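Chain identifiers are assigned alphabetically (A, B, ...) following the order of the sequence lines, protein sequences preceding nucleic acid strands; residue numbering begins at 1 within each chain. Nothing here was measured: the structure is a model prediction, and the numbers come from that model.
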There are 2 protein chains.
Amino acid sequence: MSERDVAEAIAIDAETRTHGHGDHKDELRLWLRLLTCTNLIEAEIRSRLRERFNVTLPRFDLMAQLEKAPDGMTLGELSRRMMVSAGNVTGLVDRLVQDGLLERHAAPADRRSSLVKLTAKGHESFATMADAHGDWIGDFFDQLNDGDMGELMRLLGRTKASVRRAMEQGEEQGNKE
Amino acid sequence: MSERDVAEAIAIDAETRTHGHGDHKDELRLWLRLLTCTNLIEAEIRSRLRERFNVTLPRFDLMAQLEKAPDGMTLGELSRRMMVSAGNVTGLVDRLVQDGLLERHAAPADRRSSLVKLTAKGHESFATMADAHGDWIGDFFDQLNDGDMGELMRLLGRTKASVRRAMEQGEEQGNKE
DNA sequence: ACGAATTATTTTAAGCTTAAAATATCTCGC
DNA sequence: GCGAGATATTTTAAGCTTAAAATAATTCGT
């Protein structure tokens, strides 16, 4: 690195630190890689679920939530846990009931709600799919050793915390301040 | 930990190493965190693009591709680069043309294709959005230092390679073998 | 130059997704 | 017990997404 390059680097760095808005090139590259990596895996899971079990990922996710709730769950609870809109859940549940994988029951105490649970067929179907799904994920991360996996967990945790902080700050701007 | 538990742990571990299919618990937790982290960021970007610029993420992504191609691009090229179906691109382009952000031109040499490019309005609109977008991403990763970012890049690279390898292996199973 | 195979794009049908409006029910203070 | 506001769900309208079928044009071997 030449003297001039060093000087330039220092100048740019000073500018960035001072004014706090560089070009965010590294961050953009990192975000792109994170997105590509996730999309690659998700697309493969979708594809395999469709080809081998004729099921969509949202339906699989919904069944996974119900598997953990033997006594059933309300649509609102499903909506919150899956982090999707209530209207979305209504449609998914309708189609799964149509397929005989779910049952709707009137909620005992609240006539606005209904409880949803897996049918026997639903349980059986999910168990098979979850087995395969677990194996796929295992294969996808097969080349990472324990150290890599732990480090990746840690860094993603830091990232999530950083994003949440940025979201809170952004929210304050959106309000009064 | 009792003697029995230790023995059991060793037995399970031996079984896992021997047959290569444990419960994949760590991998599933890692995948879940990766997915959550990406979805968190993506949802926030979608939300901000919609609120502040009244634009969807797919439209923003399409415009970003065209920004890098001053002479325009065919729909097929857009489809490949965005990694979405051709039919999807047709619809997106139609709506963006409707909004006056894109122009379609007959391709000079191939009457099957059309070239798409940003209009002046499209360029201007994208420049504003890209600036804000870059700042958002910068903020999201603000709490990560250079070492963390480099390490995350490296680990995501390893992950992508691992997934691609698993996909190739899975493909072989799907064919003749 | 003919025709088969390939390539580029569009259309179609189905499902996912959301925000916003509409319904229905519940809760709580009075 | 009444009524206002909160809560649970459904409906609606619009857009995104895909796979598969349909069109249209090109390429290439002969």
Side-chain angles (χ1 to χ4, degrees), chain A residues 35 39-40 42-65 72-99 101-102 104-116, chain B residues 35 39-40 42-65 72-99 101-102 104-116:
Chain A
L35 185 60
N39 285 347
L40 184 66
E42 191 171 320
E44 185 67 13
I45 294 173
R46 276 180 205 275
S47 165
R48 292 186 182 187
L49 282 175
R50 186 176 49 75
E51 282 171 13
R52 302 189 197 183
F53 301 113
N54 194 36
V55 82
T56 64
L57 184 53
R59 290 183 196 195
F60 177 78
D61 288 343
L62 195 151
M63 292 174 79
Q65 292 297 330
M73 205 181 277
T74 64
L75 297 199
E77 217 167 324
L78 274 171
S79 167
R80 276 187 297 279
R81 296 207 193 193
M82 297 177 69
M83 297 193 289
V84 300
S85 68
N88 193 349
V89 172
T90 297
L92 284 170
V93 166
D94 286 350
R95 288 183 287 267
L96 282 165
V97 168
Q98 200 90 64
D99 292 351
L101 299 166
L102 260 58
R104 284 180 100 123
H105 299 288
D110 190 336
R111 278 189 300 171
R112 294 170 302 178
S113 302
S114 49
L115 281 177
V116 196
Chain B
L35 186 60
N39 284 349
L40 183 66
E42 193 171 319
E44 185 68 12
I45 293 173
R46 275 181 205 276
S47 167
R48 292 186 182 188
L49 282 176
R50 186 176 48 74
E51 283 171 13
R52 304 189 196 183
F53 302 112
N54 192 37
V55 83
T56 65
L57 185 53
R59 291 184 194 193
F60 176 78
D61 287 343
L62 195 151
M63 291 174 79
Q65 291 297 330
M73 206 182 277
T74 64
L75 297 198
E77 217 167 322
L78 275 171
S79 168
R80 276 187 297 277
R81 297 206 192 192
M82 296 176 71
M83 296 192 289
V84 301
S85 68
N88 193 350
V89 172
T90 296
L92 284 170
V93 166
D94 285 351
R95 288 182 288 267
L96 283 165
V97 168
Q98 199 90 64
D99 292 351
L101 300 166
L102 259 58
R104 283 181 100 122
H105 299 288
D110 190 334
R111 279 190 300 172
R112 294 169 304 180
S113 302
S114 49
L115 281 177
V116 196

NA contact type, [X], heavy-atom cut-off 4.0 Å: base, sugar-phosphate, or nothing?
X        : result
A/Gly87  : base
B/Ser113 : sugar-phosphate
A/Arg104 : sugar-phosphate
A/Arg46  : nothing

Using whole Å, report how far [atom1] of [X] lies from [atom2] of [N].
X       : N      : atom1 : atom2 : result
B/Asp94 : C/dT10 : CG    : C1'   : 9 Å
B/Glu77 : C/dA8  : CD    : P     : 10 Å
B/Leu57 : D/dC16 : CG    : C1'   : 11 Å

Please tabulate, one pair per line, all N/O donor-acceptor pairs under 3.5 Å involving side-chain atoms of residues 75-86 of chain B, not counting sequence neighbours.
{"residue": "B/Glu77", "atom": "OE2", "partner": "B/Arg81", "partner atom": "NH2", "Å": "3.1"}
{"residue": "B/Ser79", "atom": "OG", "partner": "B/Val84", "partner atom": "O", "Å": "2.7"}
{"residue": "B/Ser85", "atom": "OG", "partner": "B/Asn88", "partner atom": "N", "Å": "3.3"}

Please tell me if B/Thr56 has a side-chain N or O lying less than 4.0 Å from either OP1 or OP2 of D/dC16.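 Checking D/dC16 against B/Thr56, a side-chain N or O does come within under 4.0 Å of OP1 or OP2.
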Phosphate-side-chain proximity, A/Arg111 and C/dC26, N/O vs OP1/OP2 below 4.0 Å: yes
Look at the side chain of A/Arg112 and the base of D/dT9, then say whether one donor and one acceptor between them are separated by less than 3.5 Å. no
Relative orientation of the end axes in the helix from C/dA1-D/dT30 to C/dC30-D/dG1, expressed as an angle to the nearest 10° (five pairs per end):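 Comparing the axis at each end, I get an angle of 10°.
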